[in-house]
Protein chains: 2
Amino acid sequence: MSQTLHRGLLVIELLGERPRRIAEIAEELEVHHSTALRLLHTLRSEGFVHQQDDSRYRLGSSMFRLAHHALEGIDVRDLARPDMERLSQRCGETVHLGILEGRQVVYIEKVEAKHPVRMYSRIGAVAPLHCTGLAKAILMRLDPERRDQLLHDHQFTAYTDATHTSPESLLDDLTRSAERGYTRDDQEHEPGIHCIAAPVLTADGRPAAGVSISAPTSRISSQTLLEQVPDLLIATQRISHHLGWEHERSPASTRRAYT
Amino acid sequence: MSQTLHRGLLVIELLGERPRRIAEIAEELEVHHSTALRLLHTLRSEGFVHQQDDSRYRLGSSMFRLAHHALEGIDVRDLARPDMERLSQRCGETVHLGILEGRQVVYIEKVEAKHPVRMYSRIGAVAPLHCTGLAKAILMRLDPERRDQLLHDHQFTAYTDATHTSPESLLDDLTRSAERGYTRDDQEHEPGIHCIAAPVLTADGRPAAGVSISAPTSRISSQTLLEQVPDLLIATQRISHHLGWEHERSPASTRRAYT
DNA sequence: TGCGTGTGTGCAACATATGCATAGACTACG
DNA sequence: CGTAGTCTATGCATATGTTGCACACACGCA
């Protein structure tokens with residue numbers, strides 16, 4: 001609606017990709033050099049853009065400062081709730097949201113399709129790392145160093161026959177889960193309960209939370225549950241997108257770590 | 001220079017602090033509601049701003065995505081070089097820049113005041129974690145978990161009489177260093193060489209690099225070296241600022257970790 | 001029912017953003 | 001040394017685009 005602002009934002013997006021020279025920016029915007037220069041000056045005066053030694057422009061400290069500060073203030077629950085509700089309505093099952101806190105996973109939100117009123121049954125409950133779909137979804141995208149550290153002195157308590165009882169077994173599961181993008185928990189924690197789960201990722205690719213669909217085996221077969229995977233992934237990708245995660249990753253998905 | 005763009009950026013900054021309602025934004029900008037609405041629409045259409053369920057606005061995914069992507073592309077060397085050169089000119093001593101890579105600290109840049117031509121003597125060299133000012137500067141702001149992990153099976157080799165030979169001794173040093181904002185290395189690594197160092201921090205408060213001033217004890221006394229601390233801190237704070245770090249921290253410096 | 005809020009759209013007035021010309025500073029290059 | 005190619009910067013006339021206002025609608029709430 002506002003042309004000038006729109007052009008300014010376009011400049012920010014162009015510089016977000018890579019540093020650029022002024023001629024390039026003017027050409028992309030299809031405006032005169034002097035117009036581009038004026039926009040750049042305004043952006044620079046507010047610190048959104050920085051001019052490097054080679055006179056090219058790149059994004060400036062205000063972008064980093066504001067983005068980080070705003071991210072801090074965001075509550076994953078608020079962000080995830082709409083998509084969780086939609087997901088629950090589509091599949092008709094219970095949807096959980098959990099985050100990693102310290103050395104355990106905590107459930108922080110729950111939506112039950114059947115009961116419009118939220119039931120806080122499991123809210124605040126903690127889950128063992130090695131045998132719930134939700135915890136595994138977070139683990140599978142966790143930085144390997146951190147993951148190894150968490151699992152190092154973890155108690156692999158056997159809750160059922162299906163529970164992983166060794167780090168090797170769990171890591172193998174995590175590797176295969178990461179490849180297909182979601183985790184399964186077929187009665188590993190509770191007999192008669194199975195679930196699927198996927199991680200919510202931030203802009204830097206780290207897992208901010210996990211979302212799971214769980215159901216009793218008595219009502220839903222494994223096959224039917226797995227049919228919900230596409231909807232689950234759509235939901236987690238939508239939530240991740242809100243946190244800046246780009247679904248389309250460049251082929252070279254191994255990126256620099258520093259800064 | 002450009003009023004509309006300037007107002008748009010102001011909106012971004014206002015929303016960076018906290019989510020706000022449209023009336024509040026219009027009031028802050030001193031413009032009509034409809035004008036604020038038009039700006040918000042433009043910002044929203046580009047994803048810079050997101051409207052929550054309660055109809056308030058907050059920063060949107062584009063900010064997170066662009067900021068993160070731009071940060072990835074930034075080379076700390078380019079960022080630090082100008083301030084390193086200025087620092088070196090002011091104090092007349094050698095200034096190093098180093099980063100943590102894996103389990104060691106690597107020197108990636110060096111400026112010698114005496115010799116205008118850069119000497120790559122130590123560039124690429126690695127430093128032991130427990131006895132150089134630069135490594136200690138990074139360690140002192142590192143996430144405690146990560147730090148403990150690094151020091152867990154670290155070899156506390158004694159290079160001189162002053163070298164820390166135990167984790168306890170080093171951690172004690174780090175604590176005191178963190179309180180005053182810089183580290184010292186009085187011949188802990190090389191006899192006849194002492195230095196001071198301080199960390200470069202990113203928006204989330206993590207150390208991206210370290211900067212040190214080192215000199216031979218034969219030419220510079222401890223006292224004279226310590227007089228350079230203010231200049232050193234000004235330099236590291238300037239570099240940190242480029243990465244989005246806000247020097248003025250809120251009193252509650254302990255912030256949430258999630259997202 | 002009225003009130004406060006946010007949303008949205010014409011439209012006239014005019015503030016302002018634009019393109020162009022021009023010029024200085026600087027670098028690279030032959 | 002001149003030439004060409006950058007980026008920077010400013011003045012100015014034009015007309016484009018932005019603004020404020022009026023007005024209307026939707027919604028939640030007392």
Side-chain angles (χ1 to χ4, degrees), chain A residues 1-60 78-79 81-82 85 116-118 242, chain B residues 1-60 70 78-79 81-82 85-86 116-118 242:
Chain A
M1 302 210 67
S2 171
Q3 189 185 55
T4 312
L5 178 54
H6 184 260
R7 283 174 174 167
L9 299 181
L10 212 52
V11 170
I12 293 181
E13 279 178 357
L14 289 170
L15 296 182
E17 297 172 11
R18 62 165 180 277
R20 293 174 193 256
R21 293 177 305 154
I22 193 164
E24 193 183 357
I25 294 169
E27 193 183 3
E28 287 281 350
L29 294 185
E30 295 177 338
V31 296
H32 197 107
H33 284 196
S34 59
T35 300
L37 189 67
R38 278 184 279 244
L39 294 176
L40 257 344
H41 279 184
T42 307
L43 288 163
R44 190 177 55 185
S45 74
E46 302 292 323
F48 282 79
V49 147
H50 179 83
Q51 196 166 13
Q52 338 190 40
D53 295 337
D54 59 357
S55 84
R56 288 191 307 168
Y57 294 85
R58 62 162 174 79
L59 292 193
D78 302 335
L79 211 75
R81 200 172 295 144
E85 277 164 5
V117 178
R118 264 202 299 280
H242 283 133
Chain B
M1 301 210 68
S2 171
Q3 191 186 52
T4 312
L5 177 53
H6 184 260
R7 284 175 173 167
L9 299 181
L10 211 52
V11 170
I12 293 182
E13 279 178 357
L14 289 171
L15 297 182
E17 296 171 13
R18 63 166 180 277
R20 292 174 193 257
R21 294 177 304 157
I22 192 164
E24 192 182 359
I25 294 169
E27 192 184 4
E28 287 281 350
L29 294 185
E30 294 177 340
V31 297
H32 198 104
H33 285 194
S34 59
T35 301
L37 189 67
R38 277 184 280 245
L39 294 176
L40 256 346
H41 278 183
T42 308
L43 288 163
R44 190 177 53 185
S45 74
E46 302 292 322
F48 281 78
V49 146
H50 179 84
Q51 197 166 13
Q52 333 191 62
D53 295 337
D54 59 356
S55 84
R56 289 191 307 168
Y57 294 86
R58 61 162 174 79
L59 291 193
D78 302 335
L79 209 76
R81 200 173 296 143
E85 279 165 3
R86 187 200 320 224
V117 179
R118 264 201 300 280
H242 283 133

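What you see is a predicted model; the values in this text were computed from it and never measured. Note on naming: letters A, B, ... go to the chains in the order of the sequence lines (proteins, then strands), and numbering restarts at 1 for each one. Hydrogens, waters and symmetry mates are skipped; everything else that's a heavy atom, side chains included, is used.
- A donor-acceptor pair is defined here as one N or O able to donate and one able to accept, closer than 3.5 Å; such a pair exists between the side chain of A/Thr42 and the backbone of B/Ser2.
- For A/Arg38 and C/dG19, a side-chain-to-base donor-acceptor distance below 3.5 Å is present, hydrogens and geometry of angles not being considered.
- Across the interface with DNA chain C, nearest-nucleotide mapping of B/His33 and B/Gln3 shows B/His33 to be the residue nearer the 5′ end.
- Residue A/Ser34 places no side-chain N or O under 4.0 Å from the OP1 or OP2 atom of C/dG19.
- Counting non-hydrogen atoms under 4.0 angstrom, B/Arg7 reaches the backbone sugars and phosphates but no base.
- Of the side-chain N and O atoms in A/Thr4, one or more sit less than 4.0 angstrom from OP1 or OP2 of D/dT18.
- B/Ala36 approaches B/Val31 most closely through the heavy-atom pair N-CG2, 4.1 Å.
- Using a 4.0 Å cut-off, some side-chain N or O of A/Ser2 falls inside it from OP1 or OP2 of D/dT18.
- Within the structure, every side-chain polar atom (N or O) of B/His32 is placed at least 4.0 Å from both OP1 and OP2 of D/dT19.
- For B/Arg21, taking side-chain heavy atoms from C-beta onward, the closest of the listed nucleotides C/dT5, D/dG20, C/dC20 is C/dT5.
- Nearest to the side-chain atoms of B/Ile22 among the listed nucleotides D/dC21, C/dG8, C/dT7 stands C/dT7.
- Distance CZ (A/Arg44) to C1' (D/dA9): 11 Å, rounded to an integer number of Å.
- Nearest nucleotide to the A/Ala23 side chain, out of D/dG20, D/dC7, C/dA17: D/dC7.
- Here the shortest heavy-atom pairing between A/Leu39 and A/Gly8 reads CD1-N, 4.5 Å.
- Checking side-chain atoms of B/Arg20 against main-chain N and O of B/Leu14 turns up a donor-acceptor pair under 3.5 Å.
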